[in-house]
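Please read these numbers as outputs of a predicted model, since none were measured by experiment.
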Amino acid sequence: MGRWRPLPEDVRPEVRRLVERLRLLKDRGGLSYTALAAKTPYSASTWQRYLSAVTFPPWEAAEALAKLSGTDHRLLVRLSVLWESANEAWEESNRRRARTKPVPTAPAGPAAPDVPATSPVPATSGEVASGTADLSGRRTLGRPSGWSVATRAARWSVAFASLVLLASVPDASGRGIGRPDWPYPLPPEAAGPADGVQPRCRGKACEGRDPVQAGCQVDGRVVGRYDIRHHRIEVFHSTGCVAVWGAVTPAEDVEGISLSAPGAGQMWWEDSSGRTAMAPAPENLGSNVQVCAVIEARHSCVDAGKRAWTD
């Protein structure tokens with residue numbers, strides 16, 4: 001094995017100890033990046049990022065490397081403690097960077113005409129309310145004074161449509177009144193956000209955010225789909241948010257979902273939501289964006305070029 005490159009100086013000690021241990025396990029097992037990619041759900045380039053402290057490895061990756069190198073149960077427990085400590089330090093570093101990141105200021109809107117506070121005259125289209133902060137802390141542009149009412153109406157419409165869609169999805173037992181048979185119908189493709197509903201992030205600012213909470217699902221369209229074992233794996237793309245994410249329907253019996261995209265690496269989720277967080281959309285989708293899911297111990301994937309496979 002060749003010599004390892006030094007880790008960046010700003011890597012937290014906890015993360016440094018974990019990465020150095022993983023490097024040692026790789027060397028002891030005589031595993032190349034190609035061999036790791038062939039024996040795990042992670043690509044060779046993803047392993048390079050993990051072992052260079054560029055991206056943080058999920059526990060599943062650390063555990064897989066340990067088992068491939070012949071680590072016994074006792075040492076595996078020690079590795080899990082090391083990983084937990086490193087994961088906490090990594091997340092704390094991300095929170096610090098988020099707090100210290102400069103917040104872009106919104107351009108000043110046109111001045112509102114003088115209207116007495118007691119005037120019954122409704123606000124005109126030229127009046128702009130003051131900017132507000134969204135959930136991510138970023139300051140939003142000024143909005144018309146009637147925006148809140150219009151937005152609430154639009155959100156109720158979206159919520160009602162979501163309830164209708166949820167009612168059409170079978171439960172784990174396959175029972176349900178008025179629910180369609182498998183395969184489920186694809187949602188209609190949208191050209192843009194609905195009136196009054198604006199995405200709360202764009203591109204890099206969407207990374208790691210939930211597509212529903214960020215409003216990106218409004219114009220999300222399916223760019224890749226794979227039906228496997230009564231589940232549907234999908235790749236979504238939002239033109240308004242310039243972001244991609246993945247989802248599996250139904251979410252039951254899904255052990256985990258991953259999203260791979262250039263610049264974001266491979267991210268892994270094990271929650272019960274049935275969808276991933278977002279990554280910035282690359283200029284070209286196709287095989288650059290992949291969504292994978294582990295269903296009944298089998299690894300199935302689909303990319304934005306609509307190619308699908310199962311390991």
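- Counting only residues at least two apart or on different chains, no side chain to side chain donor-acceptor pair (under 3.5 Å) pair has a member in residues 51-61.
- In this structure, W4 and Y33 have perpendicular ring planes: the angle between them is above 60°, well past the 30° mark.
- Note on W269: it does not cluster hydrophobically with V212, by side-chain heavy-atom contacts below 4.5 Å among ILVMFWY residues.
- Residues that satisfy the side-chain hydrogen bond (donor to acceptor under 3.5 Å, both in side chains) test with E84, not counting sequence neighbours, are absent from this structure.
- By the side chain to side chain contact (heavy atoms under 4.5 Å, CB included) test, P262 is found to be paired with P282, N288, residues two or more places apart in sequence or in another chain being considered.
- Interatomic distance, E14 CD to S85 OG, rounded to the nearest 0.5 Å: 4.5 Å.
- Chaining together hydrophobic side chains whose heavy atoms lie under 4.5 Å apart places W268 alongside V294.
- Rounded to the nearest 0.5 Å, atoms OG1 (T310) and NE2 (H299) are 9.5 Å apart.
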_Under the criterion side chain to side chain contact (heavy atoms under 4.5 Å, CB included), I'd like the reasoning laid out for F56 against Y50: C-alpha separation, chi angles, the key distance, then a yes or no._
CA-CA 6 Å; F56 190 78; Y50 289 160; over 6 Å; no
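- Applying the side-chain hydrogen bond (donor to acceptor under 3.5 Å, both in side chains) rule to R95 yields the partners E92; only residues at least two apart in sequence or on another chain are considered.
- Listed by chain and number, the residues in a side chain to side chain contact (heavy atoms under 4.5 Å, CB included) with R5 amount to none (sequence neighbours excluded).
- For the pair R200 (side chain) and Q213 (backbone), a donor-acceptor distance under 3.5 Å is present.
- Taking all atoms of both residues into account, the shortest heavy-atom contact from G274 to A251 is CA-CB, 3.7 Å.
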*asked:* Between L18 and R16, is the side chain to side chain contact (heavy atoms under 4.5 Å, CB included) condition met? List the steps.
replied: CA-CA 5 Å; L18 173 67; R16 184 179 297 273; over 6 Å; no
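- Between R23 and E20, none of the side-chain N atoms (NZ, or NE/NH1/NH2) sits under 4.0 Å from a carboxylate O, so this pair counts as no salt bridge.
- Atoms NZ and NE2, from K67 and H73 in turn, are 10.0 Å apart once rounded to the nearest 0.5 Å.
- At a threshold of 4.5 Å between side-chain heavy atoms, the hydrophobic network of Ile, Leu, Val, Met, Phe, Trp and Tyr places L76 and L24 in two separate groups.
- Without hydrogens or angle criteria, W83 side chain to P57 main chain gives a donor-acceptor distance under 3.5 Å.
- L82 is listed as a side-chain neighbour of R21, based on a closest heavy-atom distance under 4.5 Å.
- Looking at residues two or more places apart in sequence or on another chain, you find a side chain to side chain contact (heavy atoms under 4.5 Å, CB included) between S69 and L25, T71.
- Between R49 and G265, the shortest heavy-atom contact is NH2-CA, 3.2 Å.
- Not one N or O on the side chain of H230 forms a donor-acceptor pair closer than 3.5 Å with the backbone of P250.
- Between atom CE of residue M278 and atom CE of residue M267 there is a gap of 10.5 Å, rounded to the nearest 0.5 Å.
- The side-chain heavy atoms of V19 and L7, taken from C-beta on, include a pair separated by under 4.5 Å.
- Considering all non-hydrogen atoms of both residues, W47 and L65 come closest at CH2-CB, 3.9 Å.
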*Apply the test side chain to side chain contact (heavy atoms under 4.5 Å, CB included) to residues Q217 and S238: give CA-CA distance (whole Å), side-chain angles for both, the deciding distance (0.1 Å), then the verdict.*
CA-CA 7 Å; Q217 91 288 355; S238 165; over 6 Å; no
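- In this structure, the side chain of T40 engages the main chain of L36 through a donor-acceptor pair within 3.5 Å.
- Between L285 and V244, some side-chain heavy-atom pair lies under the 4.5 Å cut-off.
- Sulfur-to-sulfur, C201 and C206 sit under 2.5 Å apart at their SG atoms.
- Note: R275 CZ to W245 CH2 = 9.5 Å, rounded to the nearest 0.5 Å.
- V291 and Y226 fall within the same hydrophobic cluster, where Ile, Leu, Val, Met, Phe, Trp and Tyr residues are linked whenever their side-chain heavy atoms come under 4.5 Å apart, directly or through other members.
- Scored by the side-chain hydrogen bond (donor to acceptor under 3.5 Å, both in side chains) test, S45 finds S43 as partners (sequence neighbours excluded).
- Taking NE2 of H231 as the reference point, atom CD of E296 lies at 7.0 Å (rounded to 0.5 Å).
- Residues A53 and V11 come closest through the heavy atom pair CB-CG2, 3.9 Å.
- Applying the disulfide (SG to SG under 2.5 Å) rule to pairs touching residues 34-82 yields nothing, sequence neighbours excluded.
- Remark: the backbone N or O of L31 is paired with a side-chain donor or acceptor of K26 at under 3.5 angstrom.
- I228 and I257 fall within the same hydrophobic cluster, defined by Ile, Leu, Val, Met, Phe, Trp and Tyr side-chain heavy atoms under 4.5 Å apart, directly or through other members.
- Under the rule for a side-chain hydrogen bond (donor to acceptor under 3.5 Å, both in side chains), the partners of N94 that lie at least two apart in sequence or sit in another chain are R97.
- For residues 272-311, the set of pairs meeting the disulfide (SG to SG under 2.5 Å) definition, not counting sequence neighbours, comprises C292-C301.
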*Derivation and outcome, side chain to side chain contact (heavy atoms under 4.5 Å, CB included), residues R225 and V302*: CA-CA 6 Å; R225 184 188 69 188; V302 61; 5.6 Å; no
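- For A89 against V15, the heavy-atom pair with the smallest separation is CB-CG2, 4.4 Å.
- Hydrophobic cluster membership differs between V242 and V218, with clusters built from Ile, Leu, Val, Met, Phe, Trp and Tyr side chains linked at under 4.5 angstrom.
- Contact check for V223 versus R221: side-chain heavy atoms found under the 4.5 Å cut-off.
- Of all the heavy atoms in A293 and I233, the pair that sits closest is CB-CD1, 4.0 Å.
- Listed by chain and number, the residues in a side chain to side chain contact (heavy atoms under 4.5 Å, CB included) with S260 are Q266, Q290 (sequence neighbours excluded).
- Remark: side-chain polar atoms of D219 are paired, donor with acceptor, to backbone N or O of G240 under 3.5 angstrom.
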